[in-house]
Engineer: 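Shown below is the structure under consideration.
Residue numbers run from 1 in the order of the sequence given. Order of appearance sets the numbers: ligands from 1, and atoms from 1 within every ligand.
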Amino acid sequence: MNAPINPDLLERAAALQGMGDSRLRKEDARFIQGKGHYVDDIQMAGMLHMDIVRSPVAHARIRKIDKSEALKVPGVIAVLTADDLKPLKLHWMPTLAGDVQAVLADEKVHFQMQEVAVVIAEDRYAAADGVEAVIVEYDELPVVLDPYAALAPDAPVLREDLAGKTEGVHGKRDHPNHIFTWEAGDKAAADAAFDAAPVKVAERIFYPRVHPCPLETCGCVASFDPIRGELTTWMTSQAPHVVRTVVSLLSGIPESKVRIVSPDIGGGFGNKVGVYPGYVCAIVASIVLGKPVKWIEDRIENISSTAFARDYHMDGELAATPDGKILGLRVNVVADHGAFDACADPTKYPAGMFHICSGSYDIPAAWCSVKGVYTNKAPGGVAYRCSFRVTEAVYVIERMVDILAQQLGMDKAEIRAKNFIRKEQFPYTSAFGFEYDSGDYQTALDKVLAACDYRGLRAEQAARRADPASPTLMGIGLVAFTEVVGAGPSKMCDILGVGMFDSCEIRIHPTGSAIARMGTITQGQGHQTTYAQIIATELGIPSEVIQVEEGDTSTAPYGLGTYGSRSTPVAGAAIAMASRKIHAKARKIAAHLLEVGENDLDWEIDRFKVKGDDARFKSMKDIAWAAYHQAPPGLEPGLEAVHYYDPPNFTFPFGIYLCVVDIDRGTGETKVRRFYALDDCGTRINPMIIEGQIHGGLTEGYAVAMGQQMPFDAQGNLLGNTLMDYFLPTAVETPKWETDHTVTPSPHHPLGAKGVAESPHVGSIPTFTSAVVDAFAHLGVRHMVMPHSAYRVWQQLKESGVAL
Ligand code: MCN
Ligand code: CUN
């Protein structure tokens with residue numbers, strides 16, 4: 001596209017605040033004034049409140065549940081247990097991963113804080129008192145927390161409901177605690193590469209269990225209207241349409257009488273993709289009692305029982321030549337999925353997009369295997385800004401490449417450059433079968449190394465290492481990650497059979513303003529701002545007069561929701577395509593009004609003009625009016641379009657991140673001196689919003705790498721389920737971020753755009769580890785387990801003999 005040179009054109013283009021403009025976030029006007037409208041803000045006449053009785057133990061048989069005292073608590077209306085749900089066949093529910101999950105514990109509890117009963121009362125306090133008064137007797141059973149121990153021949157059987165089932169939805173189960181084994185790549189080719197390779201490295205890379213911990217916890221208000229037979233549920237859902245389908249299938253209520261609304265969401269980060277027992281119970285309670293029922297989690301419930309993330313034990317191996325050319329990759333994963341397999345993966349990918357684990361490198365032979373295992377921990381698995389296990393995949397390959405470099409005495413940057421998929425190799429098919437759409441890794445790497453004076457940093461580090469009196473150790477982390485986002489092509493991805501397309505409906509009003517509705521839902525990403533910008537550029541209507549609406553299944557076209565950084569790659573494309581349908585009709589109307597042929601018109605920013613005659617034109621505003629008043633004969637009036645976009649492929653954004661840390665030899669405290677993040681997400685719609693997304697993702701990455709963890713004691717009690725213990729960095733701890741970008745458009749996306757929101761999280765975590773380990777590399781250390789808290793780093797300082 002040529003930049004407009006004429007000042008009038010520049011002014012007209014700027015007035016649209018279209019793509020490329022750092023338009024301020026439209027959402028912020030309400031958020032910063034406390035005028036957001038969240039689920040817990042909803043009040044309805046006669047609304048009841050629900051609270052959940054949860055298991056204090058991690059593994060036990062339920063001997064008895066006594067509701068009688070609870071029912072005497074003033075204000076308590078009802079207490080429901082699995083026995084009450086049984087006649088409705090709702091005591092178990094299907095999970096997104098093809099397993100089943102207990103809605104309320106049925107004879108057994110499988111993890112601490114599992115849902116055992118619900119109390120419905122006139123207010124929240126009575127509900128809480130009711131919860132205290134429910135008496136549950138448990139016979140405790142041995143607890144299994146380690147996935148390797150869970151696979152021991154004599155391990156206690158956790159899921160008795162699956163006893164004797166040797167075939168799971170994803171193939172054979174060879175142990176009662178085994179969920180699936182999923183393999184990708186060519187094992188024979190990988191084994192052959194390893195047999196022949198002169199250099200091999202192997203390391204166990206553990207990615208601990210963490211939690212996305214959005215500021216707003218999960219919750220809903222379910223309201224069943226017994227007269228109309230209609231169910232409306234406002235809920236914190238990242239995928240309201242999918243929930244509508246599931247609710248209809250489970251309840252038998254026709255889908256046309258189920259309405260799911262996601263109002264403002266105070267952060268999702270993947271935590272709000274799944275369907276939780278609380279939602280199901282609130283809906284059942286509303287249907288049974290004929291009144292609206294509100295359920296809102298507290299913080300401890302959120303961290304302890306809703307979708308965790310990671311918990312991947314990865315055995316990585318690389319085979320290479322002595323000069324650092326990678327010949328083969330093998331990764332063997334044991335994945336701790338907790339008590340129920342409730343990972344939010346697309347149906348055909350039980351281990352998500354893990355086979356992006358060949359990363360940014362041209363690796364000729366690769367194979368991976370992921371074994372899912374049940375333990376006595378909460379279910380979940382894929383959430384937390386991850387795009388379906390990409391975080392784990394990027395972590396393992398980037399750690400392994402560092403380890404290989406260290407073994408060979410090579411520089412981190414050099415070994416990466418040596419193995420990069422080169423620009424001219426795109427589209428590139430990886431050994432795991434993904435077709436990477438576009439990339440230019442070398443240009444990005446060169447830019448980062450120059451911007452940070454990488455050589456200077458290495459010289460400084462050498463000097464520091466040579467000085468035994470230095471109070472700090474200096475480490476340099478470097479990562480070159482490739483993401484796979486934009487799930488996805490329906491041929492490859494579906495959720496419970498629904499293909500993962502997305503949608504957009506645009507309606508231009510007679511006066512030239514517009515409303516657009518999508519099947520995605522913003523949780524803080526700024527869709528109301530950025531989606532309008534796409535339409536503004538495509539149709540020449542100012543962003544300011546384009547209203548964007550999402551999240552209400554009664555008004556928005558069917559979409560699969562927002563997660564996996566899919567909104568821009570999928571819904572963003574749908575927006576462009578719907579706009580183009582309108583554009584084509586507008587051209588017909590303009591030709592009619594100007595009495596010329598369609599081919600005699602040129603499109604220019606906000607108008608169609610007659611070729612070679614600047615004075616004769618019709619603006620989009622003129623055309624909108626005409627569409628409703630004097631549509632050309634034979635053309636239906638109105639100006640609107642719907643488009644459902646099924647992407648031909650994923651998009652593959654990438655980035656190069658560099659981090660410099662100084663570690664205090666006295667305390668183990670790690671100071672991030674510099675963090676430089678270069679991202680390439682193709683065409684950029686709103687640079688300011690992208691930067692905000694990157695700052696947010698880097699801050700979460702910092703949290704995961706440096707402090708977040710969910711430790712369990714031997715009885716399966718989760719230690720650290722409050723914000724006193726679970727690390728959420730504030731402005732005090734958060735390092736200063738430097739951002740940069742290159743632009744390598746996606747060749748298959750109508751706008752050339754790729755998703756970006758998860759990249760900073762995916763890319764930064766291995767960068768922090770890379771930096772911390774680098775500080776110890778000259779002492780022979782090649783890997784350290786996250787989080788790199790001061791205490792752990794201090795232990796390493798002592799072990800390496802350099803503590804002061
Ligand atoms: N964008 C852009 N140009 C691009 C790509 C993206 O301007 N080339 C803009 C988009 O227009 C959009 C934002 O960046 O406003 C993010 O777009 P995208 O990368 O498509 O990601 P999604 O909108 O699908 O967001 C999902 C992603 C996920 S999966 C998690 S987890 C996460 C994240 O978004 N959760 C968030 N960022 C979050 N940010 C906030 N504030 N809150 C959350 O819960
Ligand atoms: Cu997996 S966290 Mo985001 O994809 O909603």
Engineer: When you measure from atom 17 (O) of ligand 1 to every protein heavy atom, which one gives the shortest distance, and what is it?
Structural biologist: T568 OG1, 3.3 Å
Engineer: Distance under 4.0 Å to a non-hydrogen atom of G268: what atoms of ligand 1 satisfy this?
Structural biologist: 43 (C), 44 (O)
Engineer: Is there a donor in the side chain of Y558 and an acceptor in the side chain of T245, or the other way round, less than 3.5 Å apart?
Structural biologist: yes
Engineer: With a 6.0 Å cut-off (strictly less than), is the heavy-atom count around CG of L496, excluding the residue itself, greater than 12?
Structural biologist: yes
Engineer: Among all protein non-hydrogen atoms, which one is nearest to atom 22 (P) of ligand 1, and what is the separation to 0.1 Å?
Structural biologist: S567 OG, 3.4 Å
Engineer: Would you mind running through ligand 1 and noting each atom that sits below 4.0 Å from a heavy atom of Q523?
Structural biologist: 35 (N), 42 (N), 43 (C), 44 (O)
Engineer: Does a donor on one side chain and an acceptor on the other come within less than 3.5 Å for T562 and Q238?
Structural biologist: no
Engineer: Are any of the side-chain nitrogens in E505 or R507 under 4.0 Å away from the carboxylate oxygens of its partner?
Structural biologist: yes
Engineer: Less than 4.0 Å is my threshold; does some heavy atom of G564 fall inside it relative to ligand 1?
Structural biologist: yes
Engineer: Strictly under 4.0 Å, does any heavy atom of G267 approach an atom of ligand 1?
Structural biologist: yes
Engineer: Side chain of Q533, backbone of G18: donor and acceptor closer than 3.5 Å?
Structural biologist: yes
Engineer: List ligand 1 atoms under 4.0 Å from T530, heavy atoms only on the residue side.
Structural biologist: 10 (C), 11 (O), 12 (C), 15 (O)
Engineer: Please determine, by modelled atom types, if W234 and S262 share a side-chain donor-acceptor pair under 3.5 angstrom.
Structural biologist: no
Engineer: Among all the protein's non-hydrogen atoms, which is closest to atom 8 (N) of ligand 1, and how far away is it?
Structural biologist: T683 O, 2.7 Å
Engineer: Could you list which atoms of ligand 1 come closer than 4.0 Å to a heavy atom of K754?
Structural biologist: 4 (C), 5 (C), 8 (N)
Engineer: Would you check if there is a donor-acceptor pair between the side chains of T530 and N686 at a distance under 3.5 Å?
Structural biologist: no
Engineer: Using a distance-only test with no angle check, is there a side-chain donor-acceptor pair under 3.5 angstrom linking Y726 and N721?
Structural biologist: no
Engineer: Are Q101 and T95 linked by a side-chain donor-acceptor pair shorter than 3.5 Å?
Structural biologist: no
Engineer: Do any nitrogen or oxygen atoms of Y384 lie less than 3.5 angstrom from nitrogen or oxygen atoms of ligand 1?
Structural biologist: no
Engineer: Do you see a donor-acceptor pair shorter than 3.5 Å between the side chains of Y676 and T739?
Structural biologist: no
Engineer: Hydrogens and angles aside, do S387 and E483 bring a side-chain donor and acceptor to less than 3.5 Å of each other?
Structural biologist: yes
Engineer: Any atoms of ligand 2 less than 4.0 Å from a non-hydrogen atom of Q238? List them with their elements.
Structural biologist: 5 (O)
Engineer: For residues H337 and F308, establish whether the separation of their ring centroids is below 6.0 Å.
Structural biologist: no
Engineer: Going by the atom numbers of ligand 1, which of them fall below 4.0 Å from some non-hydrogen atom of Y563?
Structural biologist: 29 (S)
Engineer: Backbone or side chain, does any N or O of A757 fall under 3.5 Å from an N or O of ligand 1?
Structural biologist: yes
Engineer: Considering only heavy atoms of G755, which atoms of ligand 1 have at least one such atom less than 4.0 Å away?
Structural biologist: 19 (O)
Engineer: More than 12 heavy atoms of other residues, nucleotides or ligands under 6.0 Å from NZ of K348: yes or no?
Structural biologist: yes
Engineer: Ignoring hydrogens and angles, tell me if any N or O in the side chain of D740 forms a donor-acceptor pair with the backbone of L678 under 3.5 Å.
Structural biologist: no
Engineer: State whether a side-chain donor-acceptor pair under 3.5 Å links K754 with S438.
Structural biologist: yes
Engineer: Checking side-chain polar atoms at under 3.5 Å, does H527 have a donor or acceptor matched by the opposite partner on E550?
Structural biologist: yes
Engineer: Would G270 count as a contact residue for ligand 1, given that I'm defining contact as a non-hydrogen atom of the residue lying under 4.0 Å from a ligand atom?
Structural biologist: yes
Engineer: Tell me which protein heavy atom sits closest to atom 14 (O) of ligand 1, plus the residue, atom name and distance to 0.1 Å.
Structural biologist: I689 CG2, 3.8 Å
Engineer: What protein heavy atom lies closest to atom 28 (C) of ligand 1? Include the residue and the distance to one decimal.
Structural biologist: E758 CG, 3.9 Å
Engineer: Please write down residue, atom name and distance for the protein heavy atom closest to atom 12 (C) of ligand 1.
Structural biologist: Q525 O, 3.6 Å
Engineer: Which residue supplies the protein heavy atom nearest to atom 19 (O) of ligand 1, what is that atom called, and how far is it?
Structural biologist: V756 N, 2.7 Å
Engineer: Side chain, backbone, both or neither: which part of I685 comes within less than 4.0 Å of ligand 1 when only heavy atoms are counted?
Structural biologist: both
Engineer: What's the shortest distance from atom 37 (N) of ligand 1 to any protein heavy atom, and which residue and atom give it?
Structural biologist: Q693 OE1, 2.7 Å
Engineer: Would you say the side-chain atoms of D494 and T347 include a donor-acceptor pair closer than 3.5 Å?
Structural biologist: yes
Engineer: Enumerate the protein N/O/S atoms at a distance below 2.8 Å from atom 1 (Cu) of ligand 2, ignoring waters.
Structural biologist: C386 SG
Engineer: For G524, take its heavy atoms, then give the atoms of ligand 1 lying under 4.0 Å from any of them.
Structural biologist: 40 (C), 41 (N), 42 (N)
